[in-house]
Amino acid sequence: MNDPRPYRFASHLACPRCEASYPLDSLQQLCGCGSPLLVRYDLARLTEAWRPSDLVERPWSLWRYHELLPLARPEAIVSLGEVVTPLIELPRLGDDMRLPGLVMKDEGLLPTGSFKARGAAVGISRARELGVTHLAMPTNGNAGAAWSLYAARAGLQATIAMPKDAPSITRQECALAGAHLTLVDGLISDAGRQVARFVEATGVFDASTLKEPYRIEGKKTMGLELAEQLDWQLPDVILYPTGGGVGLIGIYKALQELQAIGWVSGPLPRLVAVQAKGCAPIVRAWQEGARESRFWEHSQTRAFGINVPKALGDFLVLDAIYATDGRAIAVSESAIDWEQRRAAQLEGTFVCPEGAAVLAAAREMAALGEIDADSRVVALNTGAGIKYPDSRDLGLTLLRPDEDLPSHHASRRRFT
């Protein structure tokens with residue numbers, strides 16, 4: 001029996017800054033005022049038409065929430081098998097931090113190995129639905145890899161500009177997918193300027209972060225999944241590694257929409273934007289009580305995905321932090337290194353450097369008394385550690401075939 005309800009309840013695009021409105025089914029980039037556009041939904045109709053019980057028989061993929069996604073029809077979906085990523089309890093690491101309620105949402109299990117698959121799945125699907133045949137974007141690695149692979153799946157061309165120091169595996173993903181990949185001797189901000197000039201010269205669709213409205217809708221599904229996995233009982237704190245900030249903005253948008261349709265209640269979780277001390281424009285803006293960030297000069301961090309000196313959607317990130325009584329926090333490179341090793345040794349989970357930054361932030365906030373020991377805390381690990389094979393020197397011993405293993409291996413203490 002066919003479901004008489006519409007497949008989606010999206011109504012229009014809206015500017016969060018000047019409140020201008022745009023039609024949903026015409027190709028749009030930024031608002032005329034320069035702000036990103038957001039997809040808005042008919043939440044009143046959705047409140048009447050949609051219930052949590054409607055999800056029971058649906059496949060466990062991000063598309064189970066299609067009423068809160070922008071695609072007009074299911075035939076438009078471009079998928080590589082996006083799973084609902086697990087919430088993993090971290091009892092030993094949590095005890096080590098004095099945060100027994102710590103859990104991790106592990107995005108490394110998605111296609112392409114990172115949370116960027118969410119934005120690519122929805123963004124590419126919607127782009128193809130609207131007639132896009134060629135897109136361009138700058139990337140720190142994982143986003144370009146995801147958009148290149150999903151573009152190949154959809155039969156679209158992709159032009160990607162990537163800093164030369166980005167993780168090598170992401171470079172291979174782009175190139176093998178047939179993207180027109182160029183390496184840039186600089187930062188993602190430099191690559192962004194090159195893409196902007198290319199788009200202006202060619203008319204190719206600009207898929208840069210928040211320059212189209214649909215990447216955020218894919219990232220939003222992290223919040224939808226999290227709420228359902230917790231039986232619609234929200235956690236106290238969510239920590240998120242923040243570069244461009246789309247994931248944090250998306251989670252906040254998802255929770256607001258769920259609150260509006262009555263699926264969750266009570267205060268929203270405190271949202272914590274985690275950055276590295278070598279690139280912390282959101283942290284500086286939050287400390288100053290500012291509504292926007294300033295460009296961070298000479299940015300550098302091995303957590304390459306959050307090496308973003310100035311985010312287009314910084315004001316939306318800060319709005320989400322202020323609205324939820326959250327905060328922004330920067331962690332050191334040594335803390336990132338140590339926490340990545342600690343998570344692997346105590347829990348057997350190989351998190352990416354950005355995920356390690358989040359765990360380091362959780363530890364620091366707990367030590368400062370900013371997170372109570374009885375709090376329910378969700379840390380987002382945004383990708384698989386195996387995507388960063390060259391990110392650290394392990395100092396391993398090399399033996400000749402006739403040499404014996406060192407005797408200290410037998411008594412070596414773990415967790416040091």
Side-chain angles (χ1 to χ4, degrees), residues 5-16 20-42 46 61-63 65-80 82 111-112 116-139 143-144 146-160 177-180 192 195-196 198-221 244 246 249-250 253-254 257 312-313 316:
R5 295 173 299 183
Y7 186 72
R8 68 174 182 186
F9 286 76
S11 56
H12 63 287
L13 300 174
C15 176
S21 180
Y22 293 82
L24 186 66
D25 289 322
S26 62
L27 203 58
Q28 302 289 344
Q29 301 265 208
L30 297 176
C31 176
C33 75
S35 169
L37 295 173
L38 301 178
V39 180
R40 296 304 185 193
Y41 296 83
D42 189 339
L46 193 54
S61 78
L62 66 82
W63 304 106
Y65 309 108
H66 62 77
E67 286 89 347
L68 273 176
L69 292 174
L71 268 66
R73 62 193 198 286
E75 295 78 19
I77 290 174
V78 178
S79 176
L80 287 171
E82 303 76 38
T112 80
K116 300 292 188 178
R118 295 182 185 273
V122 176
I124 290 286
S125 296
R126 188 64 176 143
R128 188 177 69 169
E129 189 173 45
L130 292 172
V132 171
T133 59
H134 189 168
L135 60 90
M137 64 185 297
T139 180
W147 282 71
S148 295
L149 289 161
Y150 277 86
R153 179 77 164 174
L156 308 184
Q157 292 187 66
T159 294
I160 308 293
H180 308 293
V195 167
F198 175 79
V199 167
E200 185 176 5
T202 63
V204 166
F205 184 70
D206 192 344
S208 304
T209 302
L210 289 179
K211 287 190 177 179
E212 56 80 46
Y214 301 111
R215 183 191 300 208
I216 190 173
E217 296 302 295
K219 300 284 187 68
K220 181 179 77 177
T221 59
V246 181
I249 299 166
K253 187 173 187 288
E257 289 167 352
L312 178 64
L316 294 171

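Side-chain N or O atoms of K253 include one that pairs as donor or acceptor with a backbone N or O of V39 at under 3.5 Å. When atom types are taken as modelled, the side chain of Y150 and the backbone of I124 share no donor-acceptor pair closer than 3.5 angstrom. The main-chain N or O of G144 is found under 3.5 Å from a side-chain atom of S148 such that the two form a donor-acceptor pair. At least one donor-acceptor pair closer than 3.5 Å links the side chain of E82 to the backbone N or O of L80. When atom types are taken as modelled, the side chain of H12 and the backbone of L24 share no donor-acceptor pair closer than 3.5 angstrom.
Note on R8 versus D25: salt bridge recorded, some NZ/NE/NH1/NH2 to OD/OE distance being below 4.0 Å.
Shown here for R128 and I77, the closest heavy-atom pair between the two residues is NH2-O, 3.9 Å. For the pair W63 and L69, the tightest heavy-atom approach, listed with the atom from each and the gap, is CE3-CD1, 3.9 Å. Q28 approaches F205 most closely through the heavy-atom pair O-CE1, 4.2 Å. Across all non-hydrogen atoms, the minimal contact from L71 to S125 is CD2-CB, 3.7 Å.
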Worked verdict on R118 versus T221 for side-chain hydrogen bond (donor to acceptor under 3.5 Å, both in side chains): CA-CA 8 Å; R118 295 182 185 273; T221 59; 2.8 Å; yes
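Taking the side chain as every heavy atom from C-beta outward, L316 and V246 never approach each other to under 4.5 Å. Between L30 and L37, every side-chain heavy-atom pair lies at or beyond the 4.5 Å cut-off.
Interatomic distance, CG of D206 versus CD of Q29, reported as 5.0 Å (0.5 Å rounding). To the nearest 0.5 Å, the span separating SG on C31 from CG on L13 amounts to 10.5 Å. To the nearest 0.5 Å, atoms CZ (R153) and OG (S79) are separated by 7.0 Å. D42 contributes atom CG, which lies 13.0 Å from atom CD of E67 (distance to the nearest 0.5 angstrom).
Taking the side-chain hydrogen bond (donor to acceptor under 3.5 Å, both in side chains) definition, one finds that H134 meets it with T159, sequence neighbours left out. In this view, T209 and R215 satisfy the side-chain hydrogen bond (donor to acceptor under 3.5 Å, both in side chains) rule, not counting sequence neighbours. Scanning for salt bridge (charged side-chain N to carboxylate O under 4.0 Å, His left out) contacts around E129 gives R73, R126, with sequence neighbours left out.
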